[in-house]
Every structure is written in C-alpha cells, then in structure tokens.
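Each chain gets a letter, A, B and so on, in the order its sequence line appears, and its residues count up from 1.
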Amino acid sequence: MEIRKKEPAPLLVVILGPTGIGKTRTTIELAKKFNTEILSADSRQFYRELKIGTASPTPQELSEARHHFTGHISVKDYYNASIYEVQALELLEKLFHKMNPVFLTGGSGLYIDSLCNGIDDLPHVDQEVRKKLLAAYIQKGISFLREELLRFDPLHYEKVDLNNPKRILKALEVCYITGKPYSSFLTQPKKERGFSILKIGLNMDRHELYQRINQRVDRMIQEGLEAEAKSLYAFRNLNALNTVGYKELFDYFDGTISREKAIELIKRNTRHYAKRQLTWFARDKEIRWFHPSENEGIIALIRSHVE
RNA sequence: GGGGAGAUACCAAAGCGGCCAACUGGGGCAGACUGUAAAUCUGCUGGCAUAUGCCUUCGGAGGUUCGAAUCCUUCUCUCCCCA
C-alpha cells in the first residue's frame, strides 16, 4: 500500500497581548506579508457601535487586510465565548481552504481560549430565570446565592470564588434551568482542533506600555470619543457599554465626575485591564513572547511553522 | 508686622500617651477567572524573615514618661485671616 504524505495541518497564528501594545498594526503587517486574513478576538471590537473607544481597526486598516469579527454584532445583541467559538470555527474552516496561515488577534483571553481549546457546552440562558436570580440577589444579598449554590451544587461551591456574584449567578442559572449541578457540565478535556496553533505574545516594559496607553487615550479623546459615548448614552445599562472608555464618560455626562477625572479614570482603568490581560496570558506556557518591534523574529517563527 | 491652622508612609487622610508598622481611600504590585470577560472577584503595599519575631518610621533637634505619631521646648517649612 502506498503511504501518502499527510497534508500538513493548517496553522492559526494567534497574536495576543495587552491592550495598546500594537496588535492591530502588527497583525495587519503580517497578514499582508502572508497574504491572508484576520479574525478578531477582542470582545469589545465585536460591537459595531464601539469604534474609537475600543481602538477598532480604522477603515484604512480594514482596507489593508480583511478582518472578521470586528463590528459583526450590536451592543444590543447577546453574545458569549461559546457562540464565538462556533462561529469562529466555522469561518476558519472556510478560510483554510483558501489560505494558510490565518491570523487571530485580540486581547480577550477567554475568547482566545475557547477558540483554541474549546469551551464546554452549556444550556442556553433563560432570560426569565436570569432576571429572577438577579432580583433575588439584589434583594437578599450574596449570602442567598451561596446558600442556593451549596444546595444545588456543593461540588462547585467548594471551587468557586464565593465573593464573586457573577460566578455564582452563572452556576445557579444553569442549575435552575437544568435541574442538574452546574459542575456536571464542566468537562475538562481540551477539544481537538483540525488545525495547529501558534501563539505569539506581544509585550514590552510595563512603564513603556502604560505610557502608550495614556497617550492612546488622549488620542481617542481627540478623535471624538466623547461624541461616540454620547451617542451611546441611551444604552449605558447594557453590558456591552460596561466598557472602559465609555462608562467613565457616562459618569461625566451625569455630572458625577469632571471631564478631566473621566479621562484620568479611562487611563487608569485601561492600565488595570492591561495588567489583568497579562495575568491571564502568563499561565499559558505555549505563548512565545516578543517585543512588537521584533518583526523579523516573528516572521521567521511563523515561517518555520507554516513550512 | 499681628493672629490662627497645620506638617503622618508613593498621594490623600485618620489617629492625639500603651490595643500603632500606624484606620481608610487612591495609586502601585501580585493573583483568580468556562460563558454578555475592556466584565467580575481576591491578596499585598516600611525593611528582613516561612512564621513567633526583629529592625527603622509619623517635618528636624532636644525633653517629660515605665512607655510618645500622640505631652513640653525649640527650630524649619506650609496654609489662612488681618495689616
């Protein structure tokens, strides 16, 4: 029998890193070089109404390389990492027929992970159940959530952060809907993907990064972030607007804080966010780290993986 | 020139004789995180030590006291009011 040479698996190159590090620019250059396209893994650039404040790729940048998952949904839509996993996987399969590698870039660790490793299947959210739970929490406090969780899912109770209402709320939601413990839906094994993955992390000296972030916020203000936020003020209670760059300006519009204070807070909160991203990425040992200026090294590494 | 208020750790700000290495907030640092994640949550933050602990701090210098960030004297500086 003839042994056929196995088709090499297509490659997904993930360009990740903290906000403001220069992922967009770097990835566009790479996409041009490899004549391919880009998927975004930035949970806020998904929203088409959010442009300036999320540093979404500009029309000019979009014309340089084809992007996916930027502005594909509205702030009014419900979305999560699982939906993203399904959609991104579907798209990737199509793209790999025509090109290789394909780039993925963004800073949302959870979304990157759910595409790379998979995320467990959970029942769909029931808005009614969710509302009731939230109301109960607001009325009775977190101790109520803890008691409920202990009753419905003692296993998960042992593991969750009992100070974090969001975590408990999510778990209870699933318990209520299915009548089964939330933890029973959590199956550790990593999902197999039909492509290989190369993770490239971009990072630099912390002070340098923070300076870039501060400057970028000033630029956003110059580019009209305030007007953008104003136009979205009506949606301020939506989760998608619970976003750095918008929530602070909403407070300013309310008269709670000064304009200067709002800008200062945007800078600080962006810095905090960048740190959280770095903490998330730090535990992923597969990431190969580079300074954004190390183009040659990055290209060489990708080449060696594409063959 | 006269009168008053104050100087506390990176910043702001409590403490006003022992329970103070010093409340609290901010900032900074570190961390957790399987679903609206740019969200949500946690810890540390004078130095050394795994820790009991030890060492150096509350503008400077003296003093009172068993014991001071806290009381007294004095010096320096800041702020406010009247000239």
Side-chain angles (χ1 to χ4, degrees), chain A residues 17-21 23 40-47 50-56 73-87 106-127 130 134 137 142 145-146 156 159-174 177 182-191 206-207 209-210 213-214 216-217 220 225 229 235 237-249 257 261 264-284:
Chain A
T19 189
I21 195 76
K23 297 186 291 294
S40 164
D42 185 308
S43 75
R44 297 294 136 141
Q45 288 181 9
F46 294 163
Y47 299 107
L50 275 34
K51 294 256 184 262
I52 300 171
T54 57
S56 267
I73 54 172
S74 159
V75 292
K76 287 171 266 185
D77 294 331
Y78 175 80
Y79 204 69
N80 66 39
S82 179
I83 301 173
Y84 174 76
E85 178 197 11
V86 173
Q87 295 181 342
S108 304
L110 180 65
Y111 285 75
I112 294 172
D113 284 357
S114 63
L115 177 55
C116 293
N117 310 323
I119 188 165
D120 289 318
D121 296 320
L122 254 46
H124 282 296
V125 283
D126 182 308
Q127 292 304 331
R130 169 165 286 196
L134 200 65
Y137 163 54
I142 196 159
L145 296 184
R146 291 177 185 149
H156 196 58
K159 286 187 214 151
V160 267
D161 179 353
L162 291 171
N163 286 312
N164 194 330
K166 279 206 168 193
R167 295 275 145 66
I168 310 182
L169 244 12
K170 182 64 209 174
L172 282 178
E173 201 177 290
V174 173
I177 292 171
Y182 174 72
S183 53
S184 67
F185 292 92
L186 274 25
T187 54
Q188 301 293 342
K190 200 169 146 174
K191 292 185 189 169
R206 191 65 126 283
H207 290 289
L209 207 217
Y210 283 3
I213 286 173
N214 293 159
R216 192 175 70 166
V217 171
M220 285 175 176
L225 179 59
F235 302 119
N237 56 326
L238 295 178
N239 179 272
L241 271 307
N242 183 187
T243 298
V244 175
Y246 298 91
K247 56 181 173 185
E248 298 86 354
L249 285 172
I257 56 174
K261 184 71 184 171
E264 190 187 311
L265 287 175
I266 294 174
K267 290 176 182 174
R268 183 201 66 184
N269 291 339
T270 306
R271 278 182 255 127
H272 286 178
Y273 170 50
K275 167 59 179 106
R276 267 179 278 130
Q277 290 175 298
L278 287 168
T279 300
W280 179 289
F281 294 135
R283 51 177 189 181
D284 189 340

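- Comparing the C1' positions of rG26(B) and rC80(B) gives a spacing of 27 Å, expressed to the nearest Å.
- Whole-Å rounding puts the Glu264(A) CD to rG26(B) P distance at 13 Å.
- Across all strands shown, the partner of rU74(B) is rG60(B), judged by Watson-Crick or G-U wobble contacts whose two distances both fall under 3.5 Å.
- Straight-line distance between the P atoms of rC48(B) and rA39(B): roughly 33 Å, to the nearest whole Å.
- Here the P atom of nucleotide rU40(B) and the NZ atom of Lys166(A) are 6 Å apart, to the nearest Å.
- Of the candidates rA39(B), rG31(B), rA30(B), rA39(B) carries the atom nearest the Asn242(A) side chain, counting heavy atoms from C-beta on.
- Using a 4.0 Å heavy-atom criterion, one finds that Gly245(A) contacts no nucleic acid atom at all.
- Put simply, Lys247(A) has a side-chain N or O that comes within less than 4.0 Å of OP1 or OP2 on rA39(B).
- At the phosphate of rG28(B), OP1 or OP2 sits under 4.0 Å from a side-chain N or O atom of His272(A).
- A close approach under 4.0 Å does occur between a side-chain nitrogen or oxygen of Arg206(A) and OP1 or OP2 of rA30(B).
- The separation between Asp42(A) atom CG and rA39(B) atom P is 12 Å, rounded to whole Å.
- Atom CG of Leu238(A) and atom OG of Ser74(A) lie 8.0 Å apart (nearest 0.5 Å).
- In this entry rC48(B) has rG53(B) as its Watson-Crick or G-U wobble partner, both defining distances falling under 3.5 Å.
- Taking only side-chain atoms of Lys275(A), from C-beta outward, the nucleotide of rU34(B), rG31(B), rC41(B) with the closest atom is rG31(B).
- On the C1' atoms, rG53(B) is 23 Å away from rC58(B), given to the nearest whole Å.
- In this structure, CD1 of Ile257(A) is placed 14 Å from C1' of rG26(B), rounded to the nearest angstrom.
- Residue Tyr182(A) is classed as a sugar-phosphate contact, given heavy-atom separations below 4.0 Å to backbone atoms only.
- The backbone N or O of Thr54(A) sits less than 3.5 Å from a side-chain atom of Gln45(A), completing a donor-acceptor pair.
- To the nearest 0.5 Å, atoms CD1 (Ile83(A)) and CZ (Phe46(A)) are separated by 10.5 Å.
- Distance Leu172(A) CG to rU40(B) P: 19 Å, rounded to the nearest Å.
- Atoms CG and CG, from Leu169(A) and Asn164(A) in turn, are 9.5 Å apart once rounded to the nearest 0.5 Å.
- Taking atom P on both nucleotides, rC55(B) is separated from rA68(B) by 14 Å, rounded to a whole Å.
- Taking atom NZ on Lys170(A) and atom P on rA39(B), their separation rounds to 19 Å, with Å as the unit.
- Of the two residues near RNA chain B, Pro123(A) and Ser56(A), the one whose nearest nucleotide lies more 5' is Pro123(A).
- Residue Ser108(A) is in sugar-phosphate contact alone, with no base atom involved, counting any heavy-atom pair closer than 4.0 Å across all strands shown.
- Nucleic acid contact for Asp113(A): none, since no nucleic acid atom lies under 4.0 Å from a heavy atom of the residue.
- For rC29(B), the OP1/OP2 oxygens have a side-chain nitrogen or oxygen of Tyr210(A) closer than 4.0 Å.
- A donor-acceptor pair shorter than 3.5 Å cannot be found between the side chains of Arg216(A) and Thr270(A).
- Nucleotide rG15(B) is matched to rU8(B) when pairs are restricted to Watson-Crick or G-U wobble geometry with both distances under 3.5 angstrom.
- With hydrogens and angles ignored, the 3.5 Å screen pairs no side-chain donor or acceptor of Asp77(A) with any backbone N or O of Tyr79(A).
- Heavy atoms of Thr270(A) sit nowhere under 4.0 angstrom from any nucleic acid atom.
- Separation of the C1' atoms belonging to rC66(B) and rG60(B) is 26 Å when rounded to the nearest angstrom.
- For rG31(B), neither phosphate oxygen OP1 nor OP2 lies less than 4.0 angstrom from any side-chain nitrogen or oxygen of Arg276(A).
- The base of rU34(B) is paired with the side chain of Asp120(A) by a donor and an acceptor separated by under 3.5 Å.
- For the pair Ile168(A) CD1 and rU42(B) C1', the interatomic distance rounds to 13 Å; values are reported in whole Å.
- The base-pairing partner of rG1(B), taking Watson-Crick or G-U wobble contacts with both distances under 3.5 Å, is rC82(B).
- Between the CG atom of Asn163(A) and the C1' atom of rC33(B) there is a distance of 13 Å, rounded to whole Å.
- Spacing between rC44(B) and rG25(B) at atom P, rounded to whole Å, works out to 12 Å.
- With hydrogens and angles left out, the side chain of Arg167(A) and the base of rA39(B) share a donor-acceptor pair within 3.5 Å.
- Under the 4.5 Å side-chain criterion, counting only non-hydrogen atoms from C-beta, Leu122(A) is in contact with Tyr182(A).
- For Trp280(A), taking side-chain heavy atoms from C-beta onward, the closest of the listed nucleotides rC33(B), rC41(B), rA39(B) is rC33(B).
- When the P atom is used for both rU40(B) and rG47(B), the distance is 30 Å, rounded to whole Å.
- Remark on RNA chain B: of its neighbouring residues Phe281(A) and Tyr79(A), the 5'-side contact belongs to Phe281(A), judged by nearest-heavy-atom nucleotide.
- Nucleotide rC33(B) forms no Watson-Crick or G-U wobble pair with any nucleotide shown, as no partner meets the under 3.5 Å limit on both distances.
- For Arg271(A), a side-chain nitrogen or oxygen approaches OP1 or OP2 of rG28(B) to under 4.0 Å.
- Nucleotide rC23(B) is matched to nothing when pairs are restricted to Watson-Crick or G-U wobble geometry with both distances under 3.5 angstrom.
- One P atom belongs to rC19(B), the other to rC11(B), and the distance between them is 25 Å to the nearest Å.
- Residues Glu264(A) and Lys267(A) are not paired through a salt bridge, judged by the lack of any N-O separation under 4.0 Å between the basic side chain and the carboxylate.
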